[in-house]
Structure formats: C-alpha cells, structure tokens
Protein chains: 2
Amino acid sequence: MKLLVVGSVAFDAIETPFGKTDKILGGAATYISLTSSILNVESGIVSVVGGDFPQKDLDMLTDRGINIEGLEIVKDGKTFFWSGKYHNDLNSRDTLVTEVNVLENFEPKIPESMQDAEILLLGNLHPGVQLSVLEKMEARPKLVILDTMNFWMDTAWDLLVKIIGKTDVITINDEEARQLTGEYSLVKAAKKIHKMGPQFVIIKKGEHGALLFGDDKIFAIPALPLEEVFDPTGAGDTFAGGFAAYLAKKENFSFETMKSALIVGSAMASFAVEKFGTDRLQEVTQSEMTTRIQDFKELTAFEVEV
Amino acid sequence: MKLLVVGSVAFDAIETPFGKTDKILGGAATYISLTSSILNVESGIVSVVGGDFPQKDLDMLTDRGINIEGLEIVKDGKTFFWSGKYHNDLNSRDTLVTEVNVLENFEPKIPESMQDAEILLLGNLHPGVQLSVLEKMEARPKLVILDTMNFWMDTAWDLLVKIIGKTDVITINDEEARQLTGEYSLVKAAKKIHKMGPQFVIIKKGEHGALLFGDDKIFAIPALPLEEVFDPTGAGDTFAGGFAAYLAKKENFSFETMKSALIVGSAMASFAVEKFGTDRLQEVTQSEMTTRIQDFKELTAFEVEV
C-alpha cells in the first residue's frame, strides 16, 4: 500500500547535553517518510519548503524512493525553522526559536500520483491544514492516522476536534491525552477519545513506552531501555512513521497487526534518538531493524505458570 | 521454600480522592505476607506491634498460615502509625502523620521456626534493622531481597549502602534509583547498583511498570492499565511480596524465573490498589490471580515479522 504523508519539512537547530547542531534537516514529514523508506514502503510527502532548502536534501529523499511531487518549493520563501534546547533529563525542552515562514500560508496540493494512497498519515501540523488535505483526497483513504500535539489544543481547538472526528487512528502523548479529555486515567482518556471519533487510540509515553486501545482491548509496550538518549527530536514522528509503514506493508488494519506496528514504530524511534536529527535514520539497515525488533521480543517475552 | 519477611506491621489512615479511612491494618510485612499466602507460600513475619494491635488482625494472619512467632507485641507500647493523603493524580501524596512508636527501639528476633527460611525479604524499614536481621540468621539465606526507599538515603546513607552490599536482589523505584546513583538513565543507574552489590536490580515505575536488570539482560513490563486506582498504599510491598513468593514457590532464582516473578508481583500489586489498604488482598482467590496473569499476557504478547 502507498502512504501519503502530510507534515512539516523543516530546519532544526538542536542543543542537547551532548552537543549542538547548526540548521539541520528536520520536520515531521521528513522523519515519517525516511522511516517508511527503511521498511521499503512507497510514500509521498505533501509539504512546503523555501528556496533556501538544499538540493542535496531533496535528492536524498528522491534517492530513497520518496515521492516529493507534493513538496512545494516557494522560491522566494524560507523553510520552517525550529530551534530548541533539551534539559539534562532529555524529557523536557525549551523552544528557542520558531519561524513559521512558508508554512504560514501553506495550501497543500496532492499530486495525482498520490491520490490513490490507501493510508494517509496526517503528521503534526495545523489541524486546518490536516483537514484540507483530507478534503482534497478524491476518495477517502482506507485508513487515516492523525498525529497532533498540545499546541493545537491551545490555539485551534475546534478544528482539532473536527479532524479528530474524521480519523481512524490517533497518536498522542500521555499528557496531551489528559489535556484533551480532562481525564487523568489513560484508560478513561482513551475511552473519551474513542467517542470523539478514532477507533484506535495510541498513547505515547516516551521512555515509558506506549499503549494501544481498540476493539475493547489494550496492548502495552515498554520503550527499549537506552543507556543514552542522544537527541529525542523526531522520535514521535519516527514512531508514527514506523507504525503507518508497517500497516502499509501488511495491508491490514486489525488490532493484531497494529500491535506489531507499535513494536516496529518503537524500534524505529529507538534508532532516531541515537544521533542528531535524521542522521541515524539515514543509515539504518533492514537487518539492524530486524535485530532491534528481536531485542524488543527479548525485552518483553515471558512465561509464567502459577 | 520458606519466606522470612521483615518489615512494619502498622496502622494506616489513608485519604484518596475516593474517600478516607480510620486507622486500618497496614505495613510492609503485612502486605508482603498476605500476598505470599495467596500463592500458598509459607511465610513468617519479623516485626513489632503495640498492645493496641487488635487480636482479630493477628488471627487473620495466622488463619492464612502466616507464622507470627517473630511478631513481637509490646503490651504497653503503641503500633506504628502512618497517615497520608494522596493527590488527585494518585501518583504523589503528603504524609500527614508518622508515629514511629514501638518501631523506635525495635530489636528484631528471629524465631527458631524461621531460621531455615531460604529467602529473606527485607521489607522497607531502617537499614540498621535490616542489617541486624541478616546478622541474626544462623546461616545466610539462599536469596536476600531488599526493598527500600528514599527516606533512608536521606537519613541513614552509610547503613543503607552496607545492607545493599549484602543483598542479591534490590527493588527500588525509578526516582530512588536516580537519587542513589546520580544517574538519570535507568540503564546506567542499574549498572551502578550492580556494582554496589545486588546481582539483580528491579526498578519499579508505578503506573509505567517495572524493569529487571541482571545477567547482562534487561526485562521490561508495563503496568496493567487500570481505569481507576483506588488506593496505591502498599502496591510496592505487594509487588515485592508477589515477586519473592513466586521465587519461593519455584525454588529457582534464574533470570527467567525472576521475569515471571515480576509479572506475578505486578499482577498482585494491581489487586492491592483496587480497594483501601489490604481489603482487596484479603479476598483475592487463586483463580482471580491466574486470570490477572493471563491479562498480562494478553496485554503484552505480540508477533511481528518484517
């Protein structure tokens, strides 16, 4: 199956306790499509960059088989730029700079070549843009996955609720799920989110793993315990990308398949945090991925008889 | 195998968002031995109570086959009393009252009938008392398990380090592991704790599950997602009790057995939080326990092929 990805393609400047970067390649759609390419899933990006976006990064994406016909280049505009500094625990960060630039007036266009994508992944972006993409699809994709964040709850509540209502799967972190529903218990929060629309609810808990709710069932996975998290930027996007790409590969949206997809997403996210930005994702091999998934099995498998 | 349990037998007065109790039965050794009795493991308590401790609670323990020969009763003393109020998220609490009472001058005595216990579980108590129990064992038990808390890091550091050094397995929560080692990464923290003595390190993460480190391997489990946590008091003790009792039942201390023991401990802890104090533990049946463990399997089992 083909995967259509909507989200930012951006520059990030990142500071962690381990060092800092100049402007490097970032953005939700970048992480997602890179992750899909590792799984050999055909993906296309709908996004916008400025004339300052380097040809080498465009080439890197196309070399990996990513369809960038829907990646608009505004020659006299500047690419979205985010800069942030992570605290010592790497669990929290301060945003230093946000320059929205060409994303300010972004009107997504879906190339004809991606109109038949069966899965649409609405990466973290303004919910109005996410809605407009869904409306521009000639036929509704078989599966719509939404990733979002607390910023849109504070600034675009009505549109966010509207796009959530049109979504099959939502990925959201624990604090955001609580903010969205007013429920502290994640079980209760997931129930409320189901009622808002999504049949499947994925709650991301960072270093504590993730939960999948659907079909009146719950699946839980821990995160792979890492000795060192080098740079958490893009981990959530990579997780969503691995999840969506696995479903595309399996051409199946059952709860059982989503469980496996959650593992794949977590495995891919565990790579993303090992180096700055997309550096590690750009070098991950299929065999590394298989080994990492095996690590997950060993981490969690048990037998018990009482 | 027989399990010797050292820890408080106490009164608690608990307030949660769901209600409050008068003085009810509590204490680490109580939760641990009750949990062991559900697994049909022979346990004995070394502890102390005052003349105010009700005969009906003593009878309840003996009726469940718990050996209380080592439970000293100081007729003219008062039982340890703790009172606390949980915040709305049930993840944090304020201590309202701590009356140490008969625990102040507690000198543990090990009854002859428990000298042959193969497993010693040193429940949360002053590390000096924990040390003295270990010294009073005629032969070192085959397995020494230590549970402790941050309070002793602040007040009895040297003794705590000493007892940790004599321990095979330590159970500790994530924040305490960080405080003990100065490492934020739990993988690094566990490595430092291994160097302090324990071959096996269990890091409890409350609603996020637990990690087991040992034999250069890691095992991770999520907690069972609960719609409602009614009263978290004793969850950590119950976890330790279920863990130790399972090892006693299996007469095996391998990493694989400890993985299963972690599941059993988590399952038992998930019961403990369903009602105030020990109320739920006093009614859990073997078949409920088996079902709960099965829930854990369904929560975490997956297949993935990429």
Side-chain angles (χ1 to χ4, degrees), chain A residues 17 38-40 88-91 174 178 183-188 190-191 203 205 207-211 213 217-229 242 245-246 249-250 256-257 259-264 267 286 289-290 293-306, chain B residues 17 38-40 88-91 174 178 183-188 190-191 203 205-211 213 217-229 245-246 249-250 256-257 259-264 267 286 289-290 293-306:
Chain A
I38 298 166
L39 275 97
N40 285 324
N88 279 335
D89 63 10
L90 285 141
N91 263 336
D174 44 0
R178 288 173 173 138
E183 293 287 351
Y184 184 82
S185 153
L186 297 177
V187 178
K188 286 189 178 178
K191 282 190 180 170
I203 297 183
K205 303 198 296 172
E207 64 162 330
H208 301 303
L211 297 166
F213 298 85
K217 288 181 281 202
I218 309 180
F219 176 63
I221 53 165
L224 209 63
L226 299 172
E227 189 145 352
E228 207 90 84
V229 168
Y246 185 81
K249 204 177 177 77
K250 293 293 164 182
E256 283 303 309
T257 309
K259 282 164 58 174
S260 313
L262 213 67
I263 298 288
V264 173
Q286 284 254 339
M289 179 178 66
T290 310
I293 289 167
Q294 188 57 37
D295 290 347
F296 258 98
K297 278 197 188 158
E298 281 163 22
L299 177 73
T300 59
F302 65 88
E303 286 306 321
V304 58
E305 201 71 53
V306 284
Chain B
I38 299 166
L39 276 96
N40 285 324
N88 278 335
D89 63 9
L90 286 142
N91 263 335
D174 44 359
R178 288 174 173 137
E183 292 288 351
Y184 183 82
S185 153
L186 297 177
V187 178
K188 287 188 177 175
K191 282 189 180 170
I203 298 184
K205 303 199 297 173
E207 62 160 332
H208 300 303
L211 297 166
F213 298 85
K217 286 181 281 203
I218 308 180
F219 176 63
I221 53 163
L224 208 62
L226 299 172
E227 190 146 351
E228 207 91 84
V229 169
Y246 185 81
K249 201 175 178 78
K250 294 294 164 182
E256 283 303 310
T257 309
K259 282 165 57 172
S260 312
L262 214 65
I263 299 287
V264 173
Q286 283 254 340
M289 178 177 69
T290 310
I293 289 166
Q294 188 57 37
D295 290 346
F296 257 99
K297 277 197 187 157
E298 280 162 23
L299 177 74
T300 59
F302 65 87
E303 286 306 320
V304 57
E305 202 69 54
V306 284

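Chain naming here is simple, since letters A, B, ... match the order of the sequence lines and numbering starts at 1 in each. The figures here come from the full heavy-atom set of this structure, side chains too, leaving out hydrogens, waters and symmetry mates.
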Peer 1: Could you look at B/L226 and say if it's the side chain, the backbone, both or neither that has a heavy atom under 4.5 Å from chain A?
Peer 2: backbone
Peer 1: So does B/K191 have more than 12 non-hydrogen atoms from other groups sitting under 6.0 Å from NZ?
Peer 2: no
Peer 1: For the candidates A/K249, A/Q294, A/R178, A/K297, which exhibits the highest count of non-hydrogen atom pairs separated by less than 4.5 Å from chain B?
Peer 2: A/K297
Peer 1: Please assess B/V304 against A/Y246 for the test side-chain contact (heavy atoms from CB on, under 4.5 Å), listing each intermediate value before the final yes or no.
Peer 2: CA-CA 10 Å; B/V304 57; A/Y246 185 81; 3.8 Å; yes
Peer 1: Could you look at B/A301 and say if it's the side chain, the backbone, both or neither that has a heavy atom under 4.5 Å from chain A?
Peer 2: backbone
Peer 1: Determine yes or no for a side-chain-to-main-chain donor-acceptor pair under 3.5 angstrom, with A/S185 supplying the side chain and B/E228 the backbone.
Peer 2: no
Peer 1: Closest heavy-atom contact between B/N91 and A/Y184?
Peer 2: ND2-OH, 2.6 Å
Peer 1: For B/I218, is it the side chain, the backbone, both or neither that has a heavy atom under 4.5 Å from a heavy atom of chain A?
Peer 2: both
Peer 1: Look at the rings of B/H208 and A/H208 and say which category their plane angle falls in: under 30° parallel, 30 to 60° tilted, over 60° perpendicular.
Peer 2: parallel
Peer 1: If we only count heavy atoms from C-beta on, is the B/L262 to A/F302 side-chain gap below 4.5 Å?
Peer 2: no
Peer 1: Minimum heavy-atom separation for A/F219 to B/E298, with atom names?
Peer 2: CD1-O, 4.5 Å
Peer 1: With a 4.5 angstrom heavy-atom cut-off, which part of B/E256 approaches chain A: side chain, backbone, both or neither?
Peer 2: neither
Peer 1: If I measure from the heavy atoms of chain A, does B/I263 come under 4.5 Å with its side chain, its backbone, both, or neither?
Peer 2: side chain
Peer 1: Is chain B contacted by the side chain of A/L90, its backbone, both, or neither, given a heavy-atom distance below 4.5 Å?
Peer 2: neither
Peer 1: Checking heavy atoms, do the side chain of A/V264, its backbone, both or neither come under 4.5 Å from chain B?
Peer 2: side chain
Peer 1: Name the region of B/E305, side chain, backbone, both or neither, that has any atom closer than 4.5 Å to a heavy atom of chain A.
Peer 2: both
Peer 1: So which atom in B/K205 and which in A/E207 form the shortest heavy-atom distance, rounded to 0.1 Å?
Peer 2: NZ-O, 3.8 Å
Peer 1: I need the B/I221 CD1 to A/L299 CG distance, nearest 0.5 Å.
Peer 2: 10.5 Å
